[in-house]
Structures are given as C-alpha cells and as structure tokens.
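A short write-up of the structure that comes next.
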Amino acid sequence: MNVIKQESFLTEINEGSGYVLNVKLSEDELNRIREMIHSHAVSLVSKFYPDLKEKCEQTPMDEFHTLSELIDHKKVWTKINRIFPQEFIAEIKKMPFVDQLNTMFGEVKAANEEDLYEEEIYWRFVRPGQKNDIGPLHADKWFWDLGHGEMPQDCFRLKIWIPIWCEKAGNGLRVVPHSQKDNYKCDKEERDGCLKPVFNENDYQLDVLPLSNKSGESVIFHDELLHGGCFNSMDKSRVSIEFTMLVKKENV
Ligand SMILES: O=C(O)CCC(=O)C(=O)O
C-alpha cells in the first residue's frame, strides 16, 4: 500500500476541499457497468410490467425516461430496488478501480445501509427536468445519525459517486467544497415510513459547485460534505452508481 499517497488523499478529504477526483473507470469497466445497470433495469421493470420487457430491452438506459408514462417511477425505482443483485456487486468488487480504492484506503468494504446484502452498491436514475429525482443537498452523516445503517466501530465512512451516463460536465453531482469542516442545522421528517433529514440550503449562503467529472470519473468525498444532484437540464437521463465505503481506522 502506498501510504504517502493515501495520506494526501485523506488530507484533501478531511482538511481540504472534502473530495478527490482521481479514480477513473477504464472503458471496459464503464461499459460492463452500463450493461449491468441496463440488464438490472430491464429485469426490474419486467417484474412489475412483464409486457414492457421487450420495449425496455430496446431502450438505451439514458433514454429510459421516454418510458416514464408507462412506468410508476416511485414504485419501480425505489432505493432498495436499485441495489445491484449480489452477483453484480461481487463482479464490481473485483474490478481494477476497486483495487485502486484498496490501494488508497486499505481493504474497503461497501456498507449495507439498507440491510439487504452484506455489501450494497446501487445506482440512481435521474430523468431530464425532474427535480424530484435528484438527491437534495445533504451530508451523508445525517442519514446515519437518523439510524440508516449500522456502523462498525472500527471503521469510518467515505462515499464514492460515479457518473455512468452523464451527458455533460456540470450536470452530475454538486458539492459545497470545504463544508465538511462546518456545522449545518438540519431538521428531520418522516417520509415513506422512515426518518429523513430536511435541509433548507437557502438558510445559508453556500458556494455550491457543480463538479465537471465525466462518465466513469468518480468523486470520493467526506461523510459530512454537503452534496446533492444537479438538476438534469439535458435531454438524456443521468445514471450514476454510488456506495458508502467503510474504511478501517487502523489502515490509515
Ligand atoms: O445523483 C444525485 O442526484 C444525488 C446523489 C447523492 O445525493 C448522493 O450520492 O448522496
């Protein structure tokens, strides 16, 4: 393990901007993850609407919004449903980009905040022009503090978000650089049967930065960094994958 490199990443994440952009998927990794998402999406929709299977197979993933009128978005694309099947998670964990993460942070494990599998990696689908599809500005820690997921005592958390179809730079994730060092007040409310943090970004004067990483280029960030999705102003759907990385404290 290259300890010097690892220290500089963590210094940037903890004491600097709060995020790093250095881990990129190869063309092969990107294409394979694209296949996985499309096949998972087809099987999900077919489970609810068997008659739509063929139409889904013929629809590229970044055009899936064109099926919107035929699909109950809220019912089909729940977070639990968007967790990859276990065989895909096992395959992703063997990819070279995960080797890179292991080199940076020691053996990383994906958290299982939905308690479905031992490790969970999920994808997100944001239709053009739909503000409700986007993750609002938040810090991941707020969810954990409200009891989403169980945290091993010997680990700390980092999040990785990777655009898989993102038509244009600046149309993916937005972050508030350095915000992991400040305290923000958030409320909570019950939604879909569980407590969720509620944050009004207009209560603060925030320098929100849309990141310009392209498809396949990850962002790894601090658990307390304010971040959220950009409004998708393009014609294509944005699709990304993400997981919470559990990093052993003893490794850093
Ligand atoms: O992709 C998005 O719209 C938001 C992503 C997000 O909020 C997250 O990774 O926690």
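Keep in mind it's a predicted model, so treat the numbers as computed, not measured. For the numbers below, each heavy atom of this structure counts, side chains included, while hydrogens, waters and symmetry mates do not. As the structure lists them, so they are numbered: ligands from 1, and atoms in each ligand from 1.
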Do [X] and [Y] pair up side chain to side chain, a donor and an acceptor below 3.5 Å, judged on atom types alone?
X: N132; Y: H73; result: no
X: N232; Y: N171; result: yes
X: T78; Y: N81; result: yes
X: T103; Y: Q100; result: no
X: E224; Y: S179; result: no
X: E113; Y: T244; result: yes

For [X], the ligand 1 atoms whose distance to one of its heavy atoms is below 4.0 Å:
X: G229; result: 2 (C), 3 (O), 4 (C)
X: L173; result: 5 (C)
X: R238; result: 1 (O), 2 (C), 3 (O)
X: K159; result: 8 (C), 9 (O), 10 (O)
X: G135; result: 2 (C), 3 (O), 4 (C), 7 (O)
X: I134; result: 3 (O)
X: W161; result: 1 (O), 5 (C), 9 (O)

Charged N-O contact under 4.0 Å between K109 and E120: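 Looking at K109 and E120, the cut-off is not met.
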Protein contact to [atom] [nearest heavy atom, distance to 0.1 Å]:
atom: atom 9 (O) of ligand 1; result: E242 OE2, 2.7 Å
atom: atom 10 (O) of ligand 1; result: H227 NE2, 2.8 Å
atom: atom 7 (O) of ligand 1; result: H138 CE1, 3.1 Å
atom: atom 6 (C) of ligand 1; result: R124 NH2, 3.5 Å

Test of proximity, D133 against ligand 1: N or O pairs below 3.5 Å: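 The answer is no, given that D133 and ligand 1 share no N or O pair closer than 3.5 Å.
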Whether over 12 other heavy atoms sit under 6.0 Å from K181 NZ: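 It does: K181 NZ has more than 12 such atoms within range.
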D140, portion touching ligand 1 at heavy-atom distance under 4.0 Å: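 D140 to ligand 1: side-chain contact only, backbone stays beyond 4.0 Å.
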Distance under 6.0 Å and angle within 45° of ring axis: R34 vs W165: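 Yes, a cation-pi geometry holds between R34 and W165.
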